[in-house]
Amino acid sequence: MEDAHQTLAKTGGDHIVKSVARTCETLVYFDEVRRPLSVVEVSKKLGYPQSSTSALLKSMVSLGFLTHDARNKNYFPTERVPLLGSWMNPDLFGEGIIQRLLKAIAQRTQHVVVLGTKNGDEAEYVQVIRPKKSPIHHISLGTRRPLGTSGVGRVLMSRFSDEEVCRLLRKINAYRAPDKPAVDVKAFVASLAETRAKGYYLSTDQVVKGAGLISMPFPSHQSSRLFAVGVGATTDVIQRSENEIVRIMREEIVRHLGKKGHDPRVC
């Protein structure tokens with residue numbers, strides 16, 4: 001499973017201020033486990049020295065972002081944390097319509113459900129709902145995937161014009177790491193026609209062998225940003241249940257978002 005520490009490390013390296021990275025990683029870890037944590041647990045999970053972890057958590061308490069339970073020797077986020085970004089898009093946080101939509105899809109499919117958006121040259125998971133018995137563990141909040149080689153990335157790219165896709169892929173190819181293969185721009189653009197026509201994309205064994213994801217774009221009128229919803233399961237399950245999962249996703253999008261302004265390519 002790619003955790004918060006690995007995700008942040010990959011996206012910034014030496015250019016990220018260490019104290020800022022540790023603060024963000026700690027908050028993301030709390031979001032993943034959703035329970036009080038001790039200094040030892042945070043230190044062990046994120047790989048920080050225990051003394052530094054203790055100082056960090058105490059500082060976050062002083063700043064009002066964590067509370068400290070002296071009896072049980074653990075920490076937990078305060079209400080200030082979820083309130084920080086709630087003003088940006090109420091539907092994406094708390095119990096807004098998007099959150100209810102994602103939960104409905106997860107409940108009906110009993111599979112992992114993600115909400116992804118474009119972040120620079122990558123697709124980032126900004127919401128993740130994981131049923132308790134799901135065998136899919138490589139997907140976590142904040143996980144990033146390449147736009148050109150992931151299912152969510154492809155669906156997000158399908159909302160751009162071919163000219164915009166070409167420009168973006170050429171940029172990605174130009175700045176890719178030496179060990180990363182270049183995206184075949186011509187083939188990628190040609191294949192987007194099928195994705196747009198179907199309104200979704202099924203990817204299997206692309207990121208993790210034995211796992212697959214069905215990705216579908218949200219109606220464009222919902223936000224100025226582009227979003228895609230994905231349902232993840234093992235490869236055999238995702239292939240066997242493709243039609244049923246797609247039907248559920250479409251039904252819930254219509255039920256929660258309504259038909260007004262509805263994009264026919266989505267459902």
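Please read these numbers as outputs of a predicted model, since none were measured by experiment.
There is a path of hydrophobic side-chain contacts, each under 4.5 Å, that joins Leu66 to Leu37. Ile245 and Leu102 fall within the same hydrophobic cluster, where Ile, Leu, Val, Met, Phe, Trp and Tyr residues are linked whenever their side-chain heavy atoms come under 4.5 Å apart, directly or through other members. Criterion: ILVMFWY side-chain heavy atoms under 4.5 Å apart, direct or through other members. Under it, Leu226 and Val152 are part of a common hydrophobic cluster. Residues Val61 and Leu63 fall within the same hydrophobic cluster, defined by Ile, Leu, Val, Met, Phe, Trp and Tyr side chains chained together at heavy-atom separations under 4.5 Å. When hydrophobic clusters are built by joining Ile, Leu, Val, Met, Phe, Trp and Tyr residues whose side-chain heavy atoms come closer than 4.5 Å, directly or via intermediates, Val237 is not grouped with Val114.
Here the straight-line distance linking atom OG1 of Thr149 with atom CD of Glu122 works out to 9.5 Å at 0.5 Å rounding. Atom CZ of Phe218 is separated from atom CZ of Arg159 by 11.0 Å, given to the nearest 0.5 angstrom. Atom CG in Leu168 sits 5.5 Å away from atom NZ in Lys118 (nearest 0.5 Å). The structure places CZ of Arg100 at 6.5 Å from NE2 of His256, a figure rounded to the nearest 0.5 Å. Rounded to the nearest 0.5 Å, atoms CZ (Arg35) and CZ (Phe30) are 9.0 Å apart. A distance of 9.5 Å separates CD of Gln127 from NZ of Lys103, quoted to the nearest 0.5 Å.
Thr23 places a side-chain N or O within 3.5 Å of a backbone atom of Ser19 that can act as its donor or acceptor partner.
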Handout entry: Derivation and outcome, salt bridge (Lys or Arg N to Asp or Glu O under 4.0 Å), residues Lys45 and Glu41
Key = CA-CA 6 Å; Lys45 175 63 179 181; Glu41 287 179 297; over 6 Å; no
Problem - Derivation of the side-chain contact (heavy atoms from CB on, under 4.5 Å) call for Tyr48 and Lys18 - result: CA-CA 11 Å; Tyr48 311 152; Lys18 183 182 295 184; over 6 Å; no
Exercise for the section: Quick one: do Glu252 and Arg255 satisfy salt bridge (Lys or Arg N to Asp or Glu O under 4.0 Å)? Show the steps, please. Expected result: CA-CA 5 Å; Glu252 292 303 331; Arg255 187 162 73 91; 2.8 Å; yes
Practice task
Let me see the working for Ser158 and Arg196 under side-chain contact (heavy atoms from CB on, under 4.5 Å), right down to the final yes or no.
Solution key: CA-CA 6 Å; Ser158 72; Arg196 292 177 180 128; 3.9 Å; yes
Problem - Residue pair Arg176, Asp121: steps toward the salt bridge (Lys or Arg N to Asp or Glu O under 4.0 Å) verdict - result: CA-CA 10 Å; Arg176 75 185 191 282; Asp121 296 338; over 6 Å; no
Exercise for the section: Check the pair Glu32 / Arg130 against side-chain contact (heavy atoms from CB on, under 4.5 Å), numbers first and verdict last. Expected result: CA-CA 10 Å; Glu32 290 176 352; Arg130 189 194 324 278; over 6 Å; no
Practice task
Evaluate the side-chain contact (heavy atoms from CB on, under 4.5 Å) criterion for residues Leu46 and Arg22: first the C-alpha distance (whole Å), next the side-chain angles of each, then the deciding distance (0.1 Å), finally the verdict.
Solution key: CA-CA 8 Å; Leu46 301 181; Arg22 288 183 172 179; over 6 Å; no
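The two atoms that bring Ile98 and Leu257 nearest to each other are CD1-CD2, 4.0 Å, heavy atoms only. Contact detail for Gly153 and Ser150: the closest heavy-atom pair is N-OG, 3.1 Å. In plain terms, the two heavy atoms of His111 and Ala233 that are nearest each other are ND1-CB, 3.8 Å. Shown here for Val155 and Ala228, the closest heavy-atom pair between the two residues is CG1-CB, 3.8 Å. Between Arg34 and Phe76 the shortest heavy-atom distance is C-CE1, 4.3 Å. Shown here for Pro131 and Ala106, the closest heavy-atom pair between the two residues is CG-O, 4.4 Å.
Between Leu169 and Ile172, the closest side-chain pair of non-hydrogen atoms falls below 4.5 Å. Using a 4.5 Å heavy-atom threshold, the side chains of Met216 and Ile253 count as touching. Residues Val254 and Arg250 are not in side-chain contact: their nearest non-hydrogen atoms beyond the backbone lie 4.5 Å or more apart. Side-chain contact check for Thr117 versus Phe227: some heavy-atom pair is nearer than 4.5 Å. Between Gln206 and Arg145 the shortest side-chain heavy-atom distance does not fall below 4.5 Å. Between Ser191 and Arg154 there is a side-chain heavy-atom pair separated by less than 4.5 Å. The shortest side-chain heavy-atom distance between Val231 and Val113 falls under the 4.5 Å cut-off. In this structure, Phe188 and Met157 have side chains that are in contact, with non-hydrogen atoms separated by less than 4.5 Å.
The environment of CD in Gln107 is sparse: at most 12 heavy-atom neighbours from other residues, nucleotides or ligands sit within 6.0 Å.
Counting only N and O atoms by type, the side chains of Ser161 and Glu164 include a donor and acceptor under 3.5 Å apart.
Taking the side chain to side chain donor-acceptor pair (under 3.5 Å) definition, one finds that Asp179 meets it with nothing, sequence neighbours left out.
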